[in-house]
Amino acid sequence: MWLAAIQLISGRHWQDNKTQIATELSALPKERPLLALLPENFALFGERQGYLDGAEAIGTEPGEAGPIQTQLAAWAREHGIWLVAGAMPTRIPGSTHIHTSSLVFDPSGERRGHYHKIHLFDVDVADSHGRYRESETFSPGQDCVVVDSPFGPLGLSICYDLRFPELYRQLTLAGARVLLVPAAFTAVTGEVHWEPLLRARAIENQCYVVAANQGGTHETGRQTWGHSMVIDPWGRVLACQPSGAGTVLAQMDAGLIEELKRTMPVLQHARLL
């Protein structure tokens, strides 16, 4: 079983980003099953109005999905993979705000689940952008989401969620074996915090972590940290892409999770759950 994190340098326009993603998907190994995770803002990376204009309703019936979701489903079918759309803007009926959402597609192109980002990035960072206020555009989700798959249950999260260990503990208690972290971590915060936080989430929950980040300087001037990686339940980084577009790959040993849970049963020892 293969786990893949696809790193991009996304821009404002879906058509340009679509070409970049198609190139990475075409280079994936042929062995299956394979799970590929796209980063946050894989489809659109820009300003508030661009997200509002590009937001799609999450289709519940055939023909309802917008062009981004339609393409994601087609890619999953074409390549026979589990494709996780890291995060894209989705509409909220009756609201002027939108969600940023992760969608999971199986190899038949069926959407198997979705998650709306719970923790919104309202912080000040010492970079060229300076002020980040996601709550001006997005509304937070409310629910933890785990999706069944051949890799074991997938625990969904997005970017800033990474700083809240209680979310990942809830996902693990709900059965998650693979924690997915699509992101657009800034270069300033990523340099110091990205890898330590990811490895901590893997170690404390005894799960695989697949983290797909944006990785370079974007046309908006924003700089993202890259270093997309796959981490095993012991906290070892199995593969990493420091910068630029590219894909990191690692094979998953499902037996390692059960071995660690048997030899070091930390969840059974936890007293403050």
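Checked by atom type and distance alone, the side chain of Arg48 pairs as donor or acceptor with a backbone atom of Glu136 at under 3.5 Å. Formation of a donor-acceptor pair under 3.5 Å by the Arg201 side chain with backbone atoms of Leu162 is found in this model. Between the side chain of Arg133 and the main chain of Val123, a donor-acceptor pair closer than 3.5 Å is present. A donor-acceptor pair is defined here as one N or O able to donate and one able to accept, closer than 3.5 Å; such a pair exists between the side chain of Asp106 and the backbone of Ser108. Side-chain atoms of Glu56 come within 3.5 Å of backbone N or O of Gln69 as a donor-acceptor pair. In terms of modelled atom types and a separation under 3.5 Å, the side chain of Asn17 and the main chain of Ser10 share no donor-acceptor contact. Judged purely by atom type and a 3.5 angstrom limit, Ser157 uses its side chain to pair as donor or acceptor with the backbone of Leu180. Side-chain atoms of Ser102 come within 3.5 Å of backbone atoms of Gly86 as a donor-acceptor pair (strictly under, hydrogens ignored). Listed for the Arg112 side chain is no donor-acceptor partner under 3.5 Å among the backbone atoms of Glu110. Between the Arg177 side chain and the Pro153 main chain, no donor and acceptor come within less than 3.5 Å of each other.
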Under the ring-ring contact (aromatic ring centres under 6.0 Å, His included) criterion, do Phe164 and Tyr168 qualify, and how do the steps go?
-> CA-CA 7 Å; Phe164 300 89; Tyr168 296 89; 9.3 Å; no
Give the C-alpha distance, both sets of side-chain angles, the deciding distance and a yes or no for side-chain hydrogen bond (donor to acceptor under 3.5 Å, both in side chains) between Arg163 and His193.
-> CA-CA 9 Å; Arg163 296 181 181 274; His193 298 158; 3.0 Å; yes
Before giving the answer on side-chain hydrogen bond (donor to acceptor under 3.5 Å, both in side chains), spell out for Thr224 and His218 the whole-Å C-alpha distance, their side-chain angles and the decisive distance to 0.1 Å.
-> CA-CA 8 Å; Thr224 45; His218 303 261; 2.7 Å; yes
Test side chain to side chain contact (heavy atoms under 4.5 Å, CB included) on Val147 and Leu156 and set out the steps.
-> CA-CA 8 Å; Val147 177; Leu156 305 186; 4.1 Å; yes
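No chain of hydrophobic side-chain contacts below 4.5 Å, direct or via other Ile, Leu, Val, Met, Phe, Trp or Tyr residues, connects Trp2 to Leu256. Linking ILVMFWY side-chain heavy atoms closer than 4.5 Å, directly or via other members, places Leu25 and Leu3 in two distinct hydrophobic clusters. Both Val145 and Ile118 are part of a single hydrophobic cluster, where members link through side-chain heavy atoms under 4.5 Å apart.
Applying the side-chain hydrogen bond (donor to acceptor under 3.5 Å, both in side chains) test to residues at least two apart or on different chains, the pairs with a partner in residues 225-237 are Gln7-Ser228, Trp225-His227, Asp232-Arg236.
When all heavy atoms of Pro182 and Leu38 are compared, the closest pair comes out as CB-O, 3.3 Å. Across all their heavy atoms, Val248 and Cys240 have their closest contact at CG1-C, 3.3 Å. A pairwise comparison of heavy atoms in Pro107 and Trp82 identifies CD-NE1, 3.3 Å as the closest pair. In terms of heavy-atom proximity, Ala4 sits nearest to Leu249 at CB-CD2, 3.5 Å.
Looking at Ser101 and His116, their side chains do bring a donor and an acceptor atom within 3.5 Å of each other. No side-chain donor-acceptor contact under 3.5 Å links Ser26 and Thr23.
Looking at Thr220 and Glu47, their side chains come closer than 4.5 Å, going by heavy atoms from C-beta outward. Side-chain contact between Tyr132 and Thr186: present, with at least one pair of heavy atoms (C-beta onward) separated by less than 4.5 Å. With contacts defined as side-chain heavy-atom distances shorter than 4.5 Å, the pair Val84/Leu103 does not qualify. Side-chain atoms of Leu179 and Val210, non-hydrogen and from C-beta on, never get closer than 4.5 Å to each other. Within the 4.5 Å cutoff, no side-chain heavy atoms of Leu52 are placed close to those of Thr96. Put simply, the side chain of Phe185 does not reach to within 4.5 Å of the side chain of Glu40, judged on heavy atoms. Looking at heavy atoms from C-beta onward, Ile21 lies in side-chain contact with Trp75 at the 4.5 angstrom threshold. Annotation: side chain of Val237 is not in contact with side chain of Leu198 (no heavy-atom distance under 4.5 Å).
Classified by interplanar angle (parallel below 30°, tilted 30° to 60°, perpendicular above 60°), the ring pair Phe138/Tyr51 is tilted.
Gln268 CD: 12 or fewer foreign heavy atoms inside a 6.0 Å radius.
Residue Gln206 holds its CD atom at 9.0 Å from OG1 of Thr172, rounded to the nearest 0.5 Å. The CG atom of Asn41 sits 7.0 Å away from atom CZ of Arg222, with the distance rounded to the nearest 0.5 Å. Taking CE of Met88 as the start and NE2 of His99 as the end, the distance is 13.0 Å to the nearest 0.5 Å. Atom CZ of Phe121 sits about 7.5 Å away from atom CD of Glu134, to the nearest 0.5 Å. Here Arg169 contributes atom CZ and Leu272 contributes atom CG; the two are 10.5 Å apart, rounded to the nearest 0.5 Å. Rounded to the nearest 0.5 angstrom, Leu120 CG and Cys159 SG are separated by 11.0 Å.
With salt bridges taken as basic N to acidic carboxylate O contacts below 4.0 Å, none links Arg199 and Glu204. Arg12 has a carboxylate O that lies under 4.0 Å from a charged side-chain N of Glu219, or vice versa, which qualifies the two as a salt bridge.
Looking at residues two or more places apart in sequence or on another chain, you find no ring-ring contact (aromatic ring centres under 6.0 Å, His included) involving Tyr115.
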